[in-house]
Amino acid sequence: MVVGGGHAAGRAIEALRESGFGGRIVLIGEEPSPPYERPPLSKDLLSGKAALDSLWVRPQDWYAQQGIELLLGQRADAIDRKAARVLLADGRSVAYDRLLLTTGARARPLTVEGADLPGVHAVRTIADALALRERLWPGARLLVVGAGFIGLEVAAVARERGCEVTVIEAAAHPLGRVAPASVGTMFAELHRSFGAMLRMDTVLTRIARGPDGRGLVAFTADGFEWQGDAVVAGIGSVPNTELAAAAGLAVDNGVRTDEYGRTSDPAIYAAGDVTSHFNPLLGRHLRLETWQNAQNQAIAVARAMAGGDQPHAEVPWFWTDQHGINFQSAGAPLGWDEVLWRGDPGARPSMVFYRQDGIVVGGATINQGRLMRHLKQLIARRARVDGALLQDPSSPLDRIANSAP
């Protein structure tokens with residue numbers, strides 16, 4: 001049985017069948033849609049470039065052909081581990097031999113006064129994206145709270161659709177939690193060059209209805225008031241661990257699993273955004289909210305459930321496309337003490353490495369994705385490489401990666 005109907009659920013079911021498992025598979029999903037990929041929500045679906053059915057992991061009739069029972073629009077209320085059953089909100093219960101939790105995460109809500117007013121949006125589900133898209137008409141004023149990847153992607157799409165965009169961010173630069181200042185500065189300059197206004201180093205304090213009840217007004221701690229037709233929050237996510245926690249499973253910023261996806265109950269596995277999973281390459285547990293992890297971890301966990309013995313061990317990877325920039329990031333460093341650019345900082349193309357005590361722990365490519373596999377190789381090997389070589393565009397990165405100790 002699989003509880004949760006996102007990307008991880010779809011890929012796990014697919015992998016179970018491809019691994020030769022011919023038994024009963026039941027998918028319980030709270031959303032009415034079949035499993036779908038989330039990256040287009042803040043990109044092509046929001047912009048109107050993608051059709052809804054292009055998001056599906058598999059066409060809906062595929063599940064029937066594979067003998068998969070879809071219980072969509074159904075909420076799992078509880079797990080009875082002793083009876084090995086999942087209890088549904090409508091009073092039914094479904095038995096399992098092995099259970100996979102792919103309950104994902106939800107958008108972190110704004111907690112300020114006025115956060116529940118009409119016109120305040122998040123981007124986490126298909127319904128969220130479609131509702132926000134209706135607000136992005138030419139000339140509309142959009143206030144984006146949070147300059148992380150989701151907030152910046154939404155800002156880019158909104159500008160392309162002719163909206164006036166203001167981004168409000170508490171940190172000194174965009175991507176403050178995951179990237180160095182030089183990378184954040186690159187994104188700030190990019191968005192400003194396309195006409196967005198970015199207000200850094202301030203926090204949202206209140207949202208109110210606009211004059212005469214039209215539109216919205218956002219108030220920030222620096223004393224400014226921002227007029228808008230809509231507000232979108234891009235301030236991170238919260239893992240949906242409540243079901244697991246109520247069942248007594250180990251939870252720590254996600255459902256805690258080993259490298260095979262096993263939880264503290266040997267009959268229950270977990271995959272995707274909801275997990276705090278052990279990564280053998282990094283030697284620690286971490287929670288990821290990436291397309292790569294939702295897909296590849298789910299496939300690895302499904303194979304383990306079907307009797308396989310290969311752990312999920314990959315260098316974390318993420319990408320974003322904004323205003324013609326393809327930015328790919330690798331690694332999940334806890335910190336760095338050195339930032340080295342290959343090429344001028346922020347140039348297109350260019351590349352950046354993050355090092356800690358001389359070890360490559362992360363980095364990114366800008367319009368140079370073909371080099372990403374070599375960056376991942378350096379991170380996986382915890383390579384110590386002469387900084388001058390890393391910074392020299394004439395030094396082939398494949399040779400550096402292959403020769404690194």
If you compare all heavy atoms of [X] against all heavy atoms of [Y], which two are closest, and at what distance to 0.1 Å?
| X | Y | value |
| --- | --- | --- |
| L249 | S264 | CA-OG, 3.5 Å |
| K376 | A330 | CG-CB, 4.2 Å |
| S33 | I126 | OG-CD1, 3.8 Å |
| D128 | A122 | CB-O, 3.2 Å |
| Y260 | A304 | O-CB, 3.8 Å |
| A15 | A302 | CB-CB, 3.7 Å |

Lys/Arg-Asp/Glu bridge criterion (N-O < 4.0 Å) met for [X], [Y]:
| X | Y | answer |
| --- | --- | --- |
| R206 | E225 | no |
| R141 | D229 | yes |
| R11 | E18 | no |

What is the distance from atom [atom1] of [X] to atom [atom2] of [Y], rounded to the nearest 0.5 Å?
| X | Y | atom1 | atom2 | result |
| --- | --- | --- | --- | --- |
| H121 | L143 | NE2 | CG | 11.5 Å |
| T275 | N253 | OG1 | CG | 10.0 Å |
| L132 | S42 | CG | OG | 10.0 Å |
| D357 | W336 | CG | CH2 | 14.5 Å |
| N279 | H277 | CG | NE2 | 5.5 Å |
| M351 | L397 | CE | CG | 4.5 Å |

Quick one: does any side-chain atom of [X] pair with a main-chain N or O of [Y] as donor and acceptor, under 3.5 Å?
| X | Y | result |
| --- | --- | --- |
| R85 | S93 | yes |
| R303 | A12 | no |
| R17 | F21 | yes |
| R124 | A107 | no |
| T102 | A271 | no |
| S54 | A50 | no |
| R98 | M305 | yes |
| R342 | L389 | yes |
| R262 | T257 | no |
| T103 | N240 | yes |

Flag for [Y]-[X]: side-chain donor and acceptor within less than 3.5 Å:
| X | Y | value |
| --- | --- | --- |
| N326 | D321 | yes |
| Q377 | N402 | yes |
| N296 | Q292 | no |
| W341 | S350 | no |
| N293 | Q295 | no |
| T290 | W317 | no |
| T220 | D222 | yes |
| Y36 | E31 | yes |
| R38 | H7 | no |

Beyond-backbone contact of [X] with [Y], side-chain heavy atoms, under 4.5 angstrom:
| X | Y | answer |
| --- | --- | --- |
| D116 | L110 | no |
| I28 | L72 | no |
| L198 | M200 | yes |
| V123 | V232 | yes |
| R133 | R161 | yes |
| R287 | E289 | yes |
| R81 | I268 | yes |
| L378 | F353 | yes |

More than 12 heavy atoms of other residues, nucleotides or ligands under 6.0 Å from [atom1] of [X]: yes or no?
| X | atom1 | answer |
| --- | --- | --- |
| D90 | CG | yes |
| Q60 | CD | no |
| R58 | CZ | yes |
| D97 | CG | no |

Do [X]'s NZ or CZ and the ring of [Y] fall within the cation-pi criteria of under 6.0 Å and 45°?
| X | Y | answer |
| --- | --- | --- |
| R199 | F224 | yes |
| K43 | W319 | yes |
| R159 | F194 | no |

Please report whether the ring centroid of F187 lies less than 6.0 Å from that of F327.
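Ring-ring flag for F327/F187: true, centres closer than 6.0 Å.
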For a quick test of your reading: what N or O donor-acceptor pairs under 3.5 Å do the side chains of residues 163-181 make, sequence neighbours left out?
from : atom 1 : to   : atom 2 : distance (Å)
E169 : OE1    : A147 : N      : 2.6
E169 : OE2    : A171 : N      : 2.8

Begin with the C-alpha distance, continue with both residues' side-chain angles, and end with the deciding distance and a verdict on salt bridge (Lys or Arg N to Asp or Glu O under 4.0 Å) for E30 and R106.
CA-CA 12 Å; E30 193 166 347; R106 59 189 180 274; over 6 Å; no
My understanding is that only residues two or more places apart in sequence, or in another chain, count here; which of them pass side chain to side chain donor-acceptor pair (under 3.5 Å) with Q322?
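Once residues adjacent in sequence are excluded, the partners of Q322 under the side chain to side chain donor-acceptor pair (under 3.5 Å) criterion are H191, T320.
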